[in-house]
Each structure stands twice: as structure tokens, then as C-alpha cells.
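The block underneath contains the structure these notes are about, expressed in C-alpha cells.
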Amino acid sequence: MKLEIRPESGFLRVDATGEFSLAEAKRTFLEMLEAAAGHQVRKVLFDGRGLGGAPAIMERFYYGEFAAKAVAESADRGLLSRSTKFGYVIEEPLRDPQRFGENVAVNRGMLVKTFDNLQDALEWLEILPANQPDPDDGK
């Protein structure tokens with residue numbers, strides 16, 4: 001798996017390509033966490049529409065557990081806020097329609113949600129498109 005990570009206005013955008021493997025997913029998650037801490041963002045948009053693969057149920061469990069633990073450890077060390085939100089845009093079969101891995105992470109305290117489209121992820125993360133004005137401006 002390969003990541004292209006770039007800070008944008010108020011969030012970190014991560015574009016992922018390649019083939020899913022649990023080991024690579026864990027490695028790249030740590031890379032993403034390090035970038036989020038370095039740029040001091042509280043919102044991460046992970047666009048994995050360029051990823052392939054169909055994780056087994058236990059791989060979904062282990063990834064969700066790993067991600068939540070890594071976020072908690074980063075927060076405990078003062079590197080990242082526990083309120084950091086992660087929006088994942090991924091397609092089936094990588095994205096589980098039952099959201100098992102997502103539920104594992106959420107049940108362990110991580111603020112994460114998976115989506116099948118970019119617009120829903122942006123809305124959940126409360127990120128305005130670059131060409132739209134903030135409705136609270138001028139109030």
C-alpha cells in the first residue's frame with residue numbers, strides 16, 4: 001500500500017493505492033497518525049478508493065483494534081487529540097457493509113466512520129469544499 005499524504009485547510013487528506021494487507025494497513029496507519037500529529041489536525045480524510053482487496057473478518061477486527069489502540073496511545077503521549085476524527089472512503093469488498101472493523105474501533109474509543117462516497121465523508125468530517133463559503137462567515 002502506498003499513501004499520498006497532504007495537509008489541506010483544517011484537515012489531512014490521505015490517498016491510498018495498492019492492495020490491502022493487514023501488515024501494510026497497520027504500517028500505513030502509523031504513517032498517517034504521525035502526519036496528523038505533525039500537522040496538528042483533528043480531521044483525517046482517508047480516500048482508499050484506489051485500494052483493492054477483501055479482508056477476512058479477523059483482519060477487520062485486528063485492524064480496528066490496532067487503529068483504536070494507536071490513536072489512544074498517541075493521545076496519551078500528547079501527540080494527537082482523542083477527538084481526532086477519521087473518515088474512510090472505501091469501496092466494497094474492502095468496505096464491509098456491516099461495518100465490523102469500524103465498530104471494533106468505535107467501541108474502543110476511536111472516532112471513525114466508513115463511507116462509500118467522498119461527499120458523505122466530507123459532511124461527517126464537517127469539511128467544506130474549497131469553493132463553498134462557510135455559512136457562519138459574516139455572522
Side-chain angles (χ1 to χ4, degrees):
M1 291 173 53
K2 183 179 175 185
L3 300 183
E4 180 184 329
I5 301 173
R6 62 186 180 280
E8 297 203 5
S9 182
F11 71 102
L12 190 71
R13 183 178 180 114
V14 180
D15 293 312
T17 54
E19 193 69 21
F20 175 88
S21 78
L22 183 58
E24 278 295 289
K26 288 179 176 182
R27 180 190 67 77
T28 56
F29 186 79
L30 293 177
E31 186 179 334
M32 184 170 65
L33 268 189
E34 184 178 315
H39 292 287
Q40 299 179 334
V41 296
R42 291 189 176 198
K43 298 174 185 179
V44 177
L45 174 64
F46 180 91
D47 188 343
R49 293 176 291 179
L51 288 173
I57 192 81
M58 287 310 296
E59 288 177 308
R60 296 178 192 283
F61 174 85
Y62 290 134
Y63 180 74
E65 180 181 60
F66 174 85
K69 184 178 179 184
V71 168
E73 288 174 355
S74 290
D76 289 346
R77 293 175 34 216
L79 302 174
L80 194 73
S81 170
R82 284 194 186 272
S83 64
T84 302
K85 293 173 78 171
F86 295 82
Y88 278 70
V89 183
I90 48 180
E91 297 171 340
E92 290 184 35
L94 194 60
R95 181 179 172 274
D96 177 11
Q98 272 63 56
R99 301 177 185 269
F100 181 64
E102 175 187 322
N103 288 329
V104 169
V106 168
N107 288 341
R108 286 159 177 74
M110 186 175 174
L111 297 175
V112 62
K113 192 164 183 176
T114 60
F115 301 90
D116 61 5
N117 69 81
L118 184 61
Q119 187 57 41
D120 288 348
L122 290 169
E123 287 176 17
W124 183 77
L125 288 167
E126 300 174 339
I127 296 170
L128 292 172
N131 59 353
Q132 266 190 0
D134 186 334
D136 293 331
D137 280 354
K139 286 187 178 179

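Quick note: residue numbers are just sequence positions, from 1. Computed from heavy atoms alone, side chains included, the values below leave out hydrogens, waters and symmetry copies.
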Exercise. For Asp76 and Arg82, what are the C-alpha separation, side-chain angles and deciding distance, and is it a salt bridge (charged side-chain N to carboxylate O under 4.0 Å, His left out)?
Worked result: CA-CA 8 Å; Asp76 289 346; Arg82 284 194 186 272; 2.3 Å; yes
Exercise. Does a sphere of radius 6.0 Å around CD in Glu34 hold more than 12 heavy atoms from other residues, nucleotides or ligands, not counting ones at 6.0 Å or beyond?
Worked result: no
Exercise. Run the side-chain contact (heavy atoms from CB on, under 4.5 Å) check on Val106 and Val112 step by step: do they pass?
Worked result: CA-CA 6 Å; Val106 168; Val112 62; 3.8 Å; yes
Problem set entry | Residues, nucleotides or ligands: over 12 heavy atoms within 6.0 Å of Gln40 CD | no
Exercise. Under 6.0 Å from the CZ atom of Phe61, do we count more than 12 heavy atoms belonging to anything else shown?
Worked result: yes
For this session: Look up atom CG in Leu12 and atom CG in Leu45, then write down how far apart they are to the nearest 0.5 Å.
Result: 9.0 Å
Exercise. Under 4.5 Å between any side-chain heavy atoms of Val104 and Tyr62, yes or no?
Worked result: no
Exercise. How many angstroms lie between CZ in Phe115 and CG in Leu125, if you round to the nearest 0.5 Å?
Worked result: 6.5 Å
For this session: May I ask you to test the Val44-Val14 pair for a side-chain heavy-atom distance under 4.5 Å?
Result: yes
Exercise. Given side chains that start at C-beta, do those of Ser74 and Val71 come closer than 4.5 Å, heavy atoms only?
Worked result: no
Exercise. Charged N to carboxylate O under 4.0 angstrom, Glu4 versus Lys2?
Worked result: no
Problem set entry | Straight-line distance of Trp124 CH2 to Phe86 CZ, nearest 0.5 Å | 9.5 Å
For this session: Return yes if some donor-acceptor pair links the side-chain N/O of Glu102 with the main-chain N/O of Thr114 below 3.5 Å, else return no.
Result: yes
Exercise. Out of curiosity, Lys69 NZ to Arg108 CZ, how far, rounded to the nearest 0.5 Å?
Worked result: 11.0 Å
For this session: Output the distance between atom CZ (Arg49) and atom CD1 (Ile90), rounded to the nearest 0.5 Å.
Result: 11.5 Å
For this session: Ignoring hydrogens and angles, tell me if any N or O in the side chain of Arg27 forms a donor-acceptor pair with the backbone of Met1 under 3.5 Å.
Result: yes
Exercise. Is the closest side-chain heavy-atom distance between Lys85 and Lys113 below 4.5 Å?
Worked result: no
For this session: Return yes if some donor-acceptor pair links the side-chain N/O of Arg60 with the main-chain N/O of Leu94 below 3.5 Å, else return no.
Result: yes
Exercise. Glu24 side chain to Ser21 main-chain N or O, any donor-acceptor pair under 3.5 Å?
Worked result: no
For this session: For the residue pair Tyr63 and Tyr88, categorise the inter-ring angle as parallel (less than 30°), tilted (30 to 60°) or perpendicular (more than 60°).
Result: perpendicular
For this session: For the pair Lys43 (side chain) and Glu126 (backbone), establish whether a donor and an acceptor sit closer than 3.5 Å, ignoring hydrogens and angles.
Result: yes
Exercise. Does atom CZ of Arg42 have more than 12 heavy-atom neighbours from other groups under 6.0 Å away?
Worked result: no
For this session: For residues Asp116 and Glu92, determine if any side-chain heavy atom of one lies less than 4.5 Å from a side-chain heavy atom of the other.
Result: no
Exercise. Between atom CE of Met110 and atom CG of Asn103, what is the distance when rounded to the nearest 0.5 Å?
Worked result: 13.0 Å
